[in-house]
Amino acid sequence: MKVRIDPGRCQGHGRCYDLAPGLFGEDDEGYGTVLGDGTVPPDGEQDARRAAANCPERAITVVKEAEA
């Protein structure tokens with residue numbers, strides 16, 4: 001599983017990095033960024049889905065490895 005952020009949709013609310021700090025960070029302007037290559041460890045799947053569900057702009061996509 002991997003996560004992605006659509007930078008065109010992200011408005012910098014910060015919910016992703018608040019809910020899943022092991023998967024997301026913030027850039028210099030407060031917009032969400034994916035840490036590393038976006039691979040979600042097995043114990044981080046719930047955090048990834050929670051962050052995606054709580055993004056007001058639906059800028060986060062969670063994809064299965066085969067789709068990535």
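It should be emphasised that the depicted structure is a prediction, and the values quoted were computed from it without experimental measurement.
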>> How close do Cys10 and Gly32 get, counting heavy atoms only, and between which atoms?
In response: SG-N, 3.4 Å

>> Once side-chain hydrogen bond (donor to acceptor under 3.5 Å, both in side chains) is applied, do any residues pair with Gln11, and if so which ones, sequence neighbours excluded?
In response: none

>> For Thr39, give me all partners under side-chain hydrogen bond (donor to acceptor under 3.5 Å, both in side chains), at least two apart in sequence or on another chain.
In response: Asp37

>> Which heavy atom of Cys16 sits nearest to which heavy atom of Ile60, and what is that distance?
In response: CB-CD1, 3.5 Å

> At their closest point, which heavy atom of Gly44 faces which heavy atom of Leu23, and how far apart are they?
Replying inline: O-CD1, 3.8 Å

> Who passes side-chain hydrogen bond (donor to acceptor under 3.5 Å, both in side chains) against Glu57, sequence neighbours left out?
Replying inline: His13

>> Hydrophobic cluster membership, with links at side-chain heavy-atom distances under 4.5 Å among I/L/V/M/F/W/Y: are Val34 and Met1 in one?
In response: yes

> Mind checking what makes side-chain contact (heavy atoms from CB on, under 4.5 Å) contact with Glu29, not counting sequence neighbours?
Replying inline: Asp27, Tyr31

> Roughly how far apart are Leu19 CG and Arg49 CZ, rounded to 0.5 Å?
Replying inline: 15.0 Å

> Asp6 and Thr61: side chain to side chain contact (heavy atoms under 4.5 Å, CB included), yes or no, with the steps?
Replying inline: CA-CA 8 Å; Asp6 179 343; Thr61 305; over 6 Å; no

> Looking at Val3 and Ala48, what are the two nearest heavy atoms and their distance?
Replying inline: CG1-CB, 3.7 Å

> Salt bridge check: are Asp47 and Arg50 linked by an N-O gap of less than 4.0 Å?
Replying inline: yes

> Under the side-chain hydrogen bond (donor to acceptor under 3.5 Å, both in side chains) test, which residues partner Tyr17, sequence neighbours left out?
Replying inline: Glu26

> What residues, two or more places apart in sequence or in another chain, satisfy salt bridge (Lys or Arg N to Asp or Glu O under 4.0 Å) together with Arg9?
Replying inline: none

